[in-house]
Amino acid sequence: PFILLKNHYKLSLIYVVAAIALALALKLTLPPVYSGSFIIKSNEDKDLYFLNMLMDLETLVKDNDHMGIVEELKVPENDASLLKKIKLTPIFNSRGTDSSKAVIVTFDMSEQNRFKEMQNAMIAYLENSPHYQKLRGIRISNIESLEKKITRDIIEMDSVKKIIIENIKPAATNGNGLVYNVPVDPYKAYEINMGRYKEQLWLINKQKDQSSFELMKPCVVSKKPVWPKFSLLALALVPISLLLFLFHAHRKEKHNLAH
């Protein structure tokens with residue numbers, strides 16, 4: 001190879017310049033691809049099924065199955081064709097790799113202004129699945145049952161406070177030094193009741209949002225395309241051009257020897 005380069009260095013330069021020119025042409029003509037990412041968190045305790053669902057989606061994109069993407073995400077076919085790649089990065093907590101409740105979803109698209117719609121479609125894909133609809137129904141039922149119990153406890157505590165207040169008598173002692181007529185501490189009753197009110201407020205906040213997933217960080221899109229990149233194209237094409245040059249130069253040497 002070094003002898004061929006020495007004997008045909010001009011030819012090698014032609015091949016290298018041609019490779020660089022082709023890399024530049026591809027850089028200018030190939031459709032740009034942008035990258036964006038968002039972080040989503042599951043509100044379902046110890047449930048990792050959403051990771052499997054996202055991995056299924058990742059496979060559909062890898063296989064260029066546009067109709068499968070349309071069916072799962074309920075997006076137009078044109079939007080499905082814009083999706084080029086999905087990468088999942090689970091965020092594990094300190095307890096172990098089986099306790100992830102959040103994931104960074106990074107995806108590439110060939111149109112910069114469709115990322116938000118695709119992000120919302122992925123979240124809806126998870127939220128509206130039969131599995132998470134069932135879990136949401138169970139959670140709502142549990143919250144409603146707990147709300148009824150807390151409301152009943154508050155009513156009972158109000159009645160107890162009323163009885164306590166109406167029957168407070170000063171403490172007295174008998175001849176043996178025993179104390180009687182000591183009422184239940186009203187402050188303790190008040191503390192218990194306030195705890196129930198706090199639980200009630202917490203339930204009200206939980207009822208405002210019954211979604212199974214929380215968008216921790218909205219999608220951030222790259223300002224510049226991640227593909228095509230001139231440096232990567234040149235890095236791939238220049239070695240190929242040198243291999244072609246060696247083949248050409250070798251053929252040329254054989255031809256010269258033959259004559």
Side-chain angles (χ1 to χ4, degrees), residues 1-40 51 54-73 75-91 103-119 121-122 217-259:
F2 296 107
I3 295 172
L4 291 174
L5 280 170
K6 181 181 177 181
N7 295 340
H8 305 278
Y9 70 92
K10 290 183 179 178
L11 183 62
S12 69
L13 288 175
I14 291 172
Y15 270 91
V16 170
V17 170
I20 293 173
L22 179 59
L24 182 60
L26 291 173
K27 161 70 177 173
L28 297 175
T29 56
L30 288 175
V33 175
Y34 299 89
S35 182
S37 65
F38 64 93
I39 301 177
I40 190 171
L51 290 176
L54 289 172
M55 284 190 283
D56 290 342
L57 195 60
E58 183 181 20
T59 301
L60 290 175
V61 175
K62 190 180 295 184
D63 294 341
N64 289 319
D65 187 351
H66 295 159
M67 293 311 299
I69 297 170
V70 168
E71 184 177 347
E72 295 297 334
L73 295 184
V75 296
E77 188 175 352
N78 182 54
D79 281 4
S81 64
L82 297 175
L83 196 55
K84 302 300 180 185
K85 181 182 176 182
I86 293 180
K87 178 185 175 185
L88 306 175
T89 309
I91 302 175
V103 62
I104 302 172
V105 182
T106 304
F107 59 108
D108 297 348
M109 294 185 71
S110 54
E111 201 168 306
Q112 196 176 21
N113 61 353
R114 299 297 297 168
F115 276 85
K116 185 177 180 181
E117 287 77 8
M118 190 59 69
Q119 167 200 277
M122 291 185 195
K217 183 181 79 67
C219 191
V220 177
V221 185
S222 59
K223 300 297 182 183
K224 295 181 179 180
V226 295
W227 179 262
K229 285 190 174 181
F230 174 75
S231 58
L232 294 178
L233 290 168
L235 195 63
L237 292 173
V238 168
I240 294 172
S241 72
L242 289 174
L243 289 174
L244 293 174
F245 153 73
L246 291 174
F247 178 74
H248 187 179
H250 180 66
R251 291 286 300 270
K252 198 171 184 179
E253 287 283 332
K254 288 181 66 176
H255 180 76
N256 291 338
L257 289 173
H259 292 79

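FYI, side chains are in, hydrogens and waters are out, and symmetry mates aren't considered; it's all heavy atoms of this structure.
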Applying side chain to side chain contact (heavy atoms under 4.5 Å, CB included), run through Leu57 and Leu73 and close with a yes or a no. CA-CA 9 Å; Leu57 195 60; Leu73 295 184; 3.8 Å; yes
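- Other residues, nucleotides and ligands contribute more than 12 heavy atoms inside 6.0 Å of the CD atom of Glu253.
- Residues forming a side chain to side chain donor-acceptor pair (under 3.5 Å) with His250 (at least two apart in sequence, or on another chain): none.
- By the salt bridge (charged side-chain N to carboxylate O under 4.0 Å, His left out) test, Asp79 pairs with Arg114, sequence neighbours left out.
- The distance from atom CH2 of Trp227 to atom CG of Leu233, rounded to the nearest 0.5 Å, is 4.0 Å.
- More than 12 heavy-atom neighbours from other residues, nucleotides or ligands sit within 6.0 angstrom of NZ on Lys27.
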Using the rule given for side chain to side chain contact (heavy atoms under 4.5 Å, CB included), can you reason through Ile14 versus Phe245, listing the C-alpha separation, both sets of side-chain angles and the distance that settles it, and then say yes or no? CA-CA 9 Å; Ile14 291 172; Phe245 153 73; over 6 Å; no
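- Counting non-hydrogen atoms of neighbouring residues, nucleotides and ligands closer than 6.0 angstrom, the CZ atom of Phe230 exceeds 12 such neighbours.
- Enclosure of atom CG in Leu28 by more than 12 non-hydrogen atoms of other residues, nucleotides or ligands within 6.0 angstrom is indicated.
- Atom CZ of Phe38 sits about 9.0 Å away from atom OG1 of Thr106, to the nearest 0.5 Å.
- Taking all atoms of both residues into account, the shortest heavy-atom contact from Pro228 to Leu30 is CG-CB, 3.8 Å.
- Taking each heavy atom of Asn113 and Glu111 in turn, the nearest pair found is OD1-OE2, 3.0 Å.
- In this structure, the separation between CG on Leu26 and CG on Leu22 is 4.5 Å, given to the nearest 0.5 Å.
- Considering every non-hydrogen atom in both Gln112 and Lys223, the closest pair reads NE2-O, 3.5 Å.
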List, one per line, each side-chain donor-acceptor pair under 3.5 Å for residues 60-72, sequence neighbours excluded.
residue: Asp65; atom: OD1; partner: Gly68; partner atom: N; Å: 2.9

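- Side chain of Lys10 to main chain of Asn7: no donor-acceptor pair is present (N/O by atom type, distance under 3.5 Å, no hydrogens or angles).
- Remark: Ser35 engages Asp108 in a side chain to side chain donor-acceptor pair (under 3.5 Å) (not counting sequence neighbours).
- Ring-plane geometry between Phe115 and Phe107 is classed as tilted, the angle between the planes lying from 30 to 60 degrees on a 0 to 90 degree scale.
- When every heavy atom of Ala121 is checked against every heavy atom of Val75, the shortest pair comes out as CB-CG1, 3.6 Å.
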The test is side chain to side chain contact (heavy atoms under 4.5 Å, CB included); show your working for Met122 and Ile86 and say whether it passes. CA-CA 11 Å; Met122 291 185 195; Ile86 293 180; 3.8 Å; yes
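- Rounding to the nearest 0.5 Å places CD1 of Ile40 at 11.0 Å from CG of Leu88.
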Apply side chain to side chain contact (heavy atoms under 4.5 Å, CB included) to residues Lys217 and Ile104 and explain how you reach the verdict. CA-CA 9 Å; Lys217 183 181 79 67; Ile104 302 172; over 6 Å; no
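- Inter-residue side-chain proximity for Pro225 and Val33 is flagged as unmet; no heavy-atom pair is nearer than 4.5 Å.
- Residues Ala234 and Pro239 approach most closely at O-CD, 4.1 Å, considering heavy atoms.
- Distance check: Gln119 CD to Glu117 CD gives 9.5 Å after rounding to the nearest 0.5 Å.
- Taken from CZ in Phe2 to CG in Leu246, the straight-line distance is 10.0 Å, to the nearest 0.5 Å.
- By the side-chain contact (heavy atoms from CB on, under 4.5 Å) test, Ile240 pairs with Leu244, sequence neighbours left out.
- Partners of Tyr34 under the side chain to side chain donor-acceptor pair (under 3.5 Å) rule, at least two apart in sequence or in another chain, do not exist in this structure.
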